[in-house]
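Questions regarding the structure given below will be posed in turn.
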Amino acid sequence: MAVLITGVAGFIGSACADALSSQGQEIVGIDTFDELLYPRAIKERNLAWARRQRHFRFAEIDVTNPVTLARLFTEHPIDRVIHLAALAGVRPSIRSPGRYFDVNATGTSCLLQAATNAGVRKYVIASSSSVYGGNKKVPFSEDDPVVHPISPYAASKCATELLVHAHCHLHQADASLLRFFTVYGPRQRPDMAIHKFMRCIAAGQPIKMFGDGSSSRDYTYISDIVAGTLSALDRAHGYRVYNLGGDRVTRLCDLIAQIASVVGREATIDRVPCQPGDMPVTMADLGRARSELRYDPEVDLTTGLREMWAWMKGEYREGVAVSGATLRRAG
């Protein structure tokens, strides 16, 4: 039997595929190589290692297409699903809210229907810390109300969680909903802050700092996210929501200072107003994930930033184009 990974060419999807392939697990991966946020070439590169593994099969399929999804489940012996296919990012969702709901909510509904028709009952599905929106209490707990999303992206993830809850109730399925907290590391999307900051600082270009630098995030390294995701797949039982965070909150100004230190160049900061839809703070209560998933993040921010910077330097040495930037000699 095989695990289906949707969004397999993305940052988290490709890392999960590599981990499962290393374990000898049969994997079916699907992706559309959507270029809203970054080029197809980068996603193809993400998949390069997995494609060489005999346990991996790939199909270019859109999760909003019920016909091709139905065919997929008839052609492969899939018994579990890791659903990561989605449009991510707060700011782009403000420009294209309808598209975000189509992919994130409708796409999830189409996937669940096709999987159910094929007899699949076990899922891990990506949500986001963005669902906590305007909540004032920190750290964020899975039992907190998530009825105040402050961006279309967050709202689409809230809708996804509700859809999955209804599905589990109706079909006695097992689904772990994972609220990821600002994931970073090798293969991180080039539109995300840490990637952009490293790229610009290394190139001697100014970076935009939204607000006064006091906004804070719970940064989570990719290997910890993969470990939590695979544990949730093994332990999925009923409908359950889990926070997967890094267990430490860092202010934006401190993040920039750490990145500059890792890169080995001083950061030139362009201060700009806060962006609509941005949350002032994210902080995960990991009690449930620790207890039920045995999730325990291991990689601290400094170590993770060093690993990511080493990866980025390797990418540029090999001529991978990322937003047209050129890295200067640094560190």
Side-chain angles (χ1 to χ4, degrees), residues 1-65 68-69 71-73 75-89 103-104 107-108 111 114-115 123-126 178 180 183-192 194-195 199 220-230 232-233 307-308 310-323:
M1 301 301 284
V3 177
L4 171 65
I5 303 177
T6 73
V8 72
F11 172 33
I12 299 174
S14 62
C16 287
D18 287 357
L20 286 172
S21 291
S22 297
Q23 298 173 7
Q25 174 68 57
E26 296 292 330
I27 302 164
V28 177
I30 66 171
D31 208 293
T32 59
F33 299 104
D34 187 284
E35 295 189 287
L36 176 67
L37 298 177
Y38 59 108
R40 176 175 181 143
I42 295 176
K43 298 182 181 184
E44 291 277 13
R45 187 175 177 83
N46 289 346
L47 272 186
W49 187 85
R51 280 184 183 273
R52 296 194 294 269
Q53 310 311 306
R54 65 184 181 87
H55 303 290
F56 182 80
R57 300 290 182 271
F58 176 78
E60 190 166 339
I61 289 176
D62 188 335
V63 292
T64 65
N65 188 324
T68 53
L69 282 174
R71 187 181 306 127
L72 176 80
F73 281 97
E75 293 175 349
H76 299 280
I78 296 164
D79 65 340
R80 293 170 293 165
V81 175
I82 299 176
H83 179 41
L84 302 170
L87 290 180
V103 174
N104 298 355
T108 298
L111 174 71
Y123 308 89
V124 168
I125 297 177
L178 305 182
F180 298 139
V183 188
Y184 74 102
R187 301 182 189 168
Q188 187 190 45
R189 299 194 329 260
D191 63 294
M192 295 187 73
I194 292 178
H195 198 296
R199 190 170 71 239
T220 317
Y221 193 68
I222 183 60
S223 61
D224 289 324
I225 288 293
V226 171
T229 300
L230 300 191
L233 184 65
E307 291 292 324
M308 183 168 171
W311 166 78
M312 284 191 68
K313 288 191 293 183
E315 292 291 281
Y316 280 92
R317 277 196 298 270
E318 294 181 28
V320 178
V322 181
S323 300

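Position 1 is the first residue of the sequence; numbering continues from there. Because only heavy atoms are used, hydrogens play no part in the values below, and waters and symmetry mates are left out as well, while side chains stay in. Everything numeric here is computed off the predicted structure, so don't read it as measured data.
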* With the side chain counted from C-beta on, respond yes when Phe180 and Leu84 share a heavy-atom pair under 4.5 Å apart, and no when they do not. => yes

* Which heavy-atom pair separates Phe56 from Ala17 by the least distance, and what is that distance? -> CE1-CB, 4.3 Å

* Step by step, work out the side chain to side chain contact (heavy atoms under 4.5 Å, CB included) result for Thr68 and Asp62. => CA-CA 8 Å; Thr68 53; Asp62 188 335; 5.6 Å; no

* To do: Give a yes or no on whether the backbone of Trp49 and the side-chain of Gln53 come within a donor-acceptor separation of less than 3.5 Å.
  => yes

* Asked: Between Asp191 (side chain) and Tyr38 (backbone), is there a donor-acceptor pair under 3.5 Å?
  -> no

* Residue pairs involving residues 27-37 (criterion side chain to side chain donor-acceptor pair (under 3.5 Å); sequence neighbours excluded) -> Asp34-Arg99

* Taking the side chain as every heavy atom from C-beta outward, state whether Asp18 and Arg187 have any pair of such atoms under 4.5 Å apart. => yes

* To do: Return the minimal non-hydrogen interatomic distance between Val183 and Met192, and the atom names on each side.
  => O-CE, 3.7 Å

* **Presence of salt bridge, Glu60 and Arg40, under 4.0 angstrom** => yes

* Asked: Under 3.5 Å, side chain of Arg189 to main-chain N/O of Ala88, donor-acceptor pair present?
  -> no

* For Thr6, which residues count as a side chain to side chain contact (heavy atoms under 4.5 Å, CB included) partner, sequence neighbours excluded? -> Leu4, Ile30, Val63, His83, Ala85, Leu111

* Evaluate the side-chain proximity of Glu44 to Arg51: yes if any heavy-atom separation is below 4.5 Å, no if none is. => yes

* Give me the ring orientation class for Phe33 and Phe58: parallel if the planes are under 30° apart, tilted from 30 to 60°, perpendicular past 60°. => tilted

* Are the side chain of Asn46 and the backbone of Ala9 linked by a donor-acceptor contact shorter than 3.5 Å? -> yes

* To do: Could you pull out the closest heavy-atom pair between Pro186 and Ile222, with the gap in Å?
  => CD-CG2, 4.1 Å

* Side-chain (Gln188) to main-chain (Phe11) donor-acceptor, under 3.5 angstrom -> no

